[in-house]
Amino acid sequence: MSFSGEVKEELGRIENGARHCQIAELASILLYCGAVRTDASGARVIEIQSEAPSVAARCRMLLERLQLAEECAFGDARNRGGLYLGKNDSSIIDKALQTIKYREGDSVVNPLVMKSLCCKRACLRGAFLSVGSMSNPEKGYHLEFVCNDTQQAEQLVDTLACYEIHAKIVVRKKYQVVYIKESEEIVALLNVIGAHIALMNLENLRILKDMRNSINRKVNCEAANITKTVNAAAKQIDDIEYIKVHYGFDNLADNLRQVAELRLEYPDATLKELGGYLNPTVGKSGVNHRLRKLSELAEKLRN
C-alpha cells in the first residue's frame with residue numbers, strides 16, 4: 001500500500017465523537033467527492049465517487065453515527081468504487097443534505113458547520129480522504145488536494161491557514177490543485193487531521209534522510225579534502241623533482257632543502273607530519289610557506 005493509502009486507512013479508523021465534527025467531516029466528503037443527482041425515477045440521490053474504499057466506508061460510518069444510514073439505500077456508484085445513497089423518497093436525501101447545511105449549487109462546505117477549530121480539523125480530514133494524496137516521503141515531500149473549482153481550493157487554503165499551514169494553488173487541466181511541499185507543514189497537517197501513526201513514520205523517514213544527507217556531506221567533504229591534499233602533494237613533488245634536476249638541492253637554503261628531501265621521502269605525509277619530522281619541528285604554516293617557496297622557484301626555472 002502507498003503512503004497516501006496508509007494515511008487514509010488510519011483516518012478511516014479515527015473515532016469522531018462530537019456530532020458537530022461528524023457533520024463537518026461528512027459535509028466535506030459529500031462536497032469534495034460527491035454529487036447530488038436525480039435518478040431515473042426522478043428521486044434525488046448522492047453519489048460518492050472515489051477509488052479509495054476507505055472513503056465510502058467512512059461516509060457510511062458517519063451516516064450511521066448521525067442516524068441517517070437506516071433511511072438510505074446503499075449501493076455501488078456506477079461501478080466506480082464509490083457509494084450510492086438514495087431511495088425512492090427524495091426527502092431522505094434532503095434530510096442528509098439539511099444535516100450538513102447544504103446550499104443548492106454550492107461546492108464549498110457551509111461555514112456554519114465549520115465554525116470551531118475541531119470542526120475545521122474534521123473538514124480537512126474529510127477533504128484529504130476525498131481528494132487528498134501524498135507522495136512517498138522517501139522520494140520527496142509533496143501533499144495535494146485536487147479540488148473541482150476555485151471556491152473549493154480557496155476555502156481549503158483558508159482553512160489550512162487557520163493552523164499556520166501555508167498551501168498554494170496551481171491549475172492542472174480542469175482542476176484546482178492545492179499543494180504543500182514543505183516537510184514541516186506536511187507534518188503539521190498530519191497532526192491536525194489526526195494521522196499520528198503516519199506522522200511518526202514520516203518523522204522517522206525524515207530523520208533517516210537527514211542522517212544519510214549529513215553522512216554523504218561529510219564523506220564528500222572528506223573525499224574532496226583528500227583529493228585536494230593528494231593533488232597538492234603531487235604538484236609539490238613534481239616541482240621538487242624539477243628543482244633537483246635543473247637547480248640542485250646543494251643550491252637551496254638549508255630550510256628549503258630539508259623540506260624538499262622530506263617531501264620526496266614521505267610523499268603521502270600531511271603538512272603537520274612533515275613539520276614533525278624537522279628538527280626543530282615546524283608548524284603547518286611554516287612547512288606550507290617553505291613548499292610555496294619551492295614551487296615559486298620551480299616556476300621561475302621553468303620560465
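Annotation: side chain of E138 is not in contact with side chain of F3 (no heavy-atom distance under 4.5 Å). Side-chain contact between L301 and L297: present, with at least one pair of heavy atoms (C-beta onward) separated by less than 4.5 Å. Side-chain contact between E241 and I237 is present, with heavy atoms from C-beta onward closer than 4.5 Å. Between F128 and L143, some side-chain heavy-atom pair lies under the 4.5 Å cut-off. Contact of the R58 side chain with the I14 side chain is registered, since non-hydrogen atoms from C-beta on lie closer than 4.5 Å. Taking 4.5 Å as the limit, some side-chain heavy atom of L271 sits within range of a side-chain heavy atom of L291. Residues K293 and R290 are not in side-chain contact: their nearest non-hydrogen atoms beyond the backbone lie 4.5 Å or more apart. Using a 4.5 Å cut-off on side-chain heavy atoms (C-beta onward), E25 and Q22 make no contact.
Annotation: Y175, atom OH; neighbour count of heavy atoms from other residues, nucleotides and ligands within 6.0 Å does not exceed 12. More than 12 non-hydrogen atoms from other residues, nucleotides or ligands lie less than 6.0 angstrom from CG of N303. Atom CD of E182 has 12 or fewer neighbouring heavy atoms from other residues, nucleotides or ligands inside a 6.0 Å radius.
For R121 (side chain) and S116 (main-chain N/O), no donor-acceptor pair under 3.5 Å exists by modelled atom type. Judged by distance alone, with hydrogens and angles left aside, the side-chain atoms of T281 form no donor-acceptor pair with the main-chain N or O of G276 at under 3.5 Å. Of the possible polar contacts, none joining the K168 side chain to the I180 backbone as a donor-acceptor pair under 3.5 Å is found. Not one N or O on the side chain of R172 forms a donor-acceptor pair closer than 3.5 Å with the backbone of Q176. A donor-acceptor pair is defined here as one N or O able to donate and one able to accept, closer than 3.5 Å; no such pair exists between the side chain of S214 and the backbone of D210. With hydrogens and angles disregarded, a donor-acceptor distance shorter than 3.5 Å links the side chain of K8 to the backbone of G132.
Residues L26 and L97 share a single hydrophobic cluster, defined by chaining ILVMFWY side chains whose heavy atoms lie under 4.5 Å apart. Under a hydrophobic clustering in which Ile, Leu, Val, Met, Phe, Trp and Tyr are joined whenever their side-chain heavy atoms come within less than 4.5 Å, directly or via other members, L124 and V177 fall into different clusters. No chain of hydrophobic side-chain contacts below 4.5 Å, direct or via other Ile, Leu, Val, Met, Phe, Trp or Tyr residues, connects L160 to V108. Linking Ile, Leu, Val, Met, Phe, Trp and Tyr whenever their side-chain heavy atoms come within less than 4.5 Å leaves Y179 and Y163 in two separate clusters. By the criterion of side-chain heavy atoms lying less than 4.5 angstrom apart, applied directly or through intervening Ile, Leu, Val, Met, Phe, Trp or Tyr residues, L264 is grouped together with Y242 in one hydrophobic cluster.
Side-chain polar atoms of D149 and S107 form a donor-acceptor pair below 3.5 angstrom.
For the side chain to side chain contact (heavy atoms under 4.5 Å, CB included) with N191, the qualifying choice from I165, I186, L199 is L199, the only one to do so.
Y247 does not carry K300 over the face of its six-membered ring by the limits of under 6.0 Å from the centre and within 45° of the normal.
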